[in-house]
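Note that the coordinates shown come from a computational prediction; the quantities given were computed from them, not determined experimentally. Any value given below was found using the heavy atoms of this structure, including those in side chains, with hydrogens, waters and symmetry copies removed. Just follow the structure's listing: the first ligand is 1, and inside any ligand the first atom is 1.
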Amino acid sequence: MAIIQWYPGHMAKAIRQVEEKLKLVDIVFELVDARIPVSSRNPMIEDVIKSKPHLLILTKADLADPKETKKWLDYYKSRNEYAIALNSKEPSTENIILKKTQEILADKLANKADRGIKNAEIRSMCIGIPNVGKSTLLNHLVNKKVAITGDRPGVTKKQQWLRSRRGLYLLDTPGILWPKFEDQNVGNKLAFTGAIKDNLFANDDVVIYGLNIFINHYREGLMGRYHLTEDDLEMELPELLLLITQKLGMRDDYDRASQRILLDARKGKLGRFTLDFVEEFEDLGDD
Ligand SMILES: Nc1nc2c(ncn2[C@@H]2O[C@H](COP(=O)(O)OP(=O)(O)O)[C@@H](O)[C@H]2O)c(=O)[nH]1
Ligand SMILES: [Mg+2]
């Protein structure tokens, strides 16, 4: 399998950049894809952001299986991690984030209020691997760019802040993390959802990986989209892929069909789905 190597130097630099920016904010919004909340999370950043209040935001919840998203939220709750799931493009998004943020920072805000500081500014930043929706969320929260000030203590470079409609401040550039996939399953899940470029893995391998999960969990969407029967789903996976290729009128061009299936899945045309299941990860972090 192809593995993207992040050179140790790059990795260290990315971490250092996040650490620098962390000093400026009251809270970190870590974005992950609700369909793959573990696979789209960089495991190494956890230690770095430990020092800050932290909200895990499961984006693209509109594309994920709501049943599984609920399980994930219960899971985080049981581990005392703050987490919410949302569709970044919904009008309610700002309220959901603001409310949760105020809850997380309640002590700090109360403290400031005691000292006579009313409606204290809340400063935040988004971090996450590519394609989890950092830019989408920022753009959604913010009407237009508002440069606030560069001369805050500890700010060497001019730092742009954006202000949401209801007064949440966000660093204008999100922290970009790298995906980590020494595990082939994680690589396949990242590829299937479009988090990593399509040329890293063979499309048909990725599709076959995904088909297997759909057959076990999301048969209806698959059968509906490609006019398949229950019997069809009993075939060996490469055969099934060829059958779908034919049904799509693509003869034996299963590579082209694979691309189509990936597009369909990512656009939600096979229905909502999740690829990371709580049950697979329940012992995560119980060191
Ligand atoms: N359906 C859906 N799509 C989203 C959501 N958030 C982001 N996207 C899409 O995901 C893709 C990547 O988003 P982008 O903001 O560029 O990700 P970034 O690389 O983290 O900045 C874009 O096509 C967005 O339209 C969401 O909550 N729901
Ligand atoms: Mg972006």
Inset, instruction - Please check if the side chain of K247 supplies one atom and the backbone of H227 the other of a donor-acceptor pair under 3.5 Å. - result: yes

Inset, instruction - Could you tell me whether K71 atom NZ has more than 12 heavy atoms of other residues or ligands within 6.0 Å of it? - result: yes

Identify, by atom number and element, the atoms of ligand 1 in contact range of [X], meaning under 4.0 Å from any of its heavy atoms.
{"X": "P130", "answer": "19 (O)"}
{"X": "T136", "answer": "6 (N), 7 (C), 13 (O), 14 (P), 15 (O), 24 (C)"}
{"X": "L63", "answer": "1 (N)"}
{"X": "S88", "answer": "6 (N), 26 (C), 27 (O)"}

Legend entry - N/O/S atom of S135 inside 2.8 Å of the Mg ion (ligand 2), strictly under: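 Here the distance criterion (N, O or S atom, under 2.8 Å) is met by S135, so yes.
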
Under 4.0 Å between a side-chain nitrogen and a carboxylate oxygen: does that hold for [X] and [Y]?
{"X": "R219", "Y": "E234", "value": "yes"}
{"X": "K50", "Y": "D47", "value": "yes"}
{"X": "E19", "Y": "R16", "value": "no"}
{"X": "D74", "Y": "K70", "value": "yes"}
{"X": "R41", "Y": "E81", "value": "yes"}

Inset, instruction - Please work out which of K89, E90, K134, H140 has its closest non-hydrogen atom nearest to atom 20 (O) of ligand 1. - result: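 That would be K134.
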
Legend entry - Proximity winner for atom 17 (O) of ligand 1, if only heavy atoms of G133, P174, A85 are counted: G133

Inset, instruction - Name the closest protein heavy atom to atom 11 (C) of ligand 1, giving the residue it belongs to and the distance to 0.1 Å. - result: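 Nearest protein contact, heavy atoms only, for atom 11 (C) of ligand 1 is N131 OD1, 3.6 Å.
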
Inset, instruction - Do me a favour and list the nearest non-hydrogen protein atom to atom 1 (N) of ligand 1 with residue, atom name and distance? - result: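 Sorting protein heavy atoms by distance from atom 1 (N) of ligand 1 puts D62 OD2, 2.7 Å first.
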
Inset, instruction - Please step through side chain to side chain donor-acceptor pair (under 3.5 Å) for the pair D232 and Y226, ending with a clear verdict. - result: CA-CA 11 Å; D232 293 337; Y226 303 120; over 6 Å; no

Inset, instruction - Return yes or no for this condition: an N or O of K60 is under 3.5 Å from an N or O of ligand 1. - result: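 The answer is yes, given that K60 and ligand 1 share an N or O pair closer than 3.5 Å.
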
Legend entry - Sub-4.0 Å protein heavy atom next to atom 3 (N) of ligand 1: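 Under the 4.0 Å cut-off, atom 3 (N) of ligand 1 does have protein heavy-atom neighbours.
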
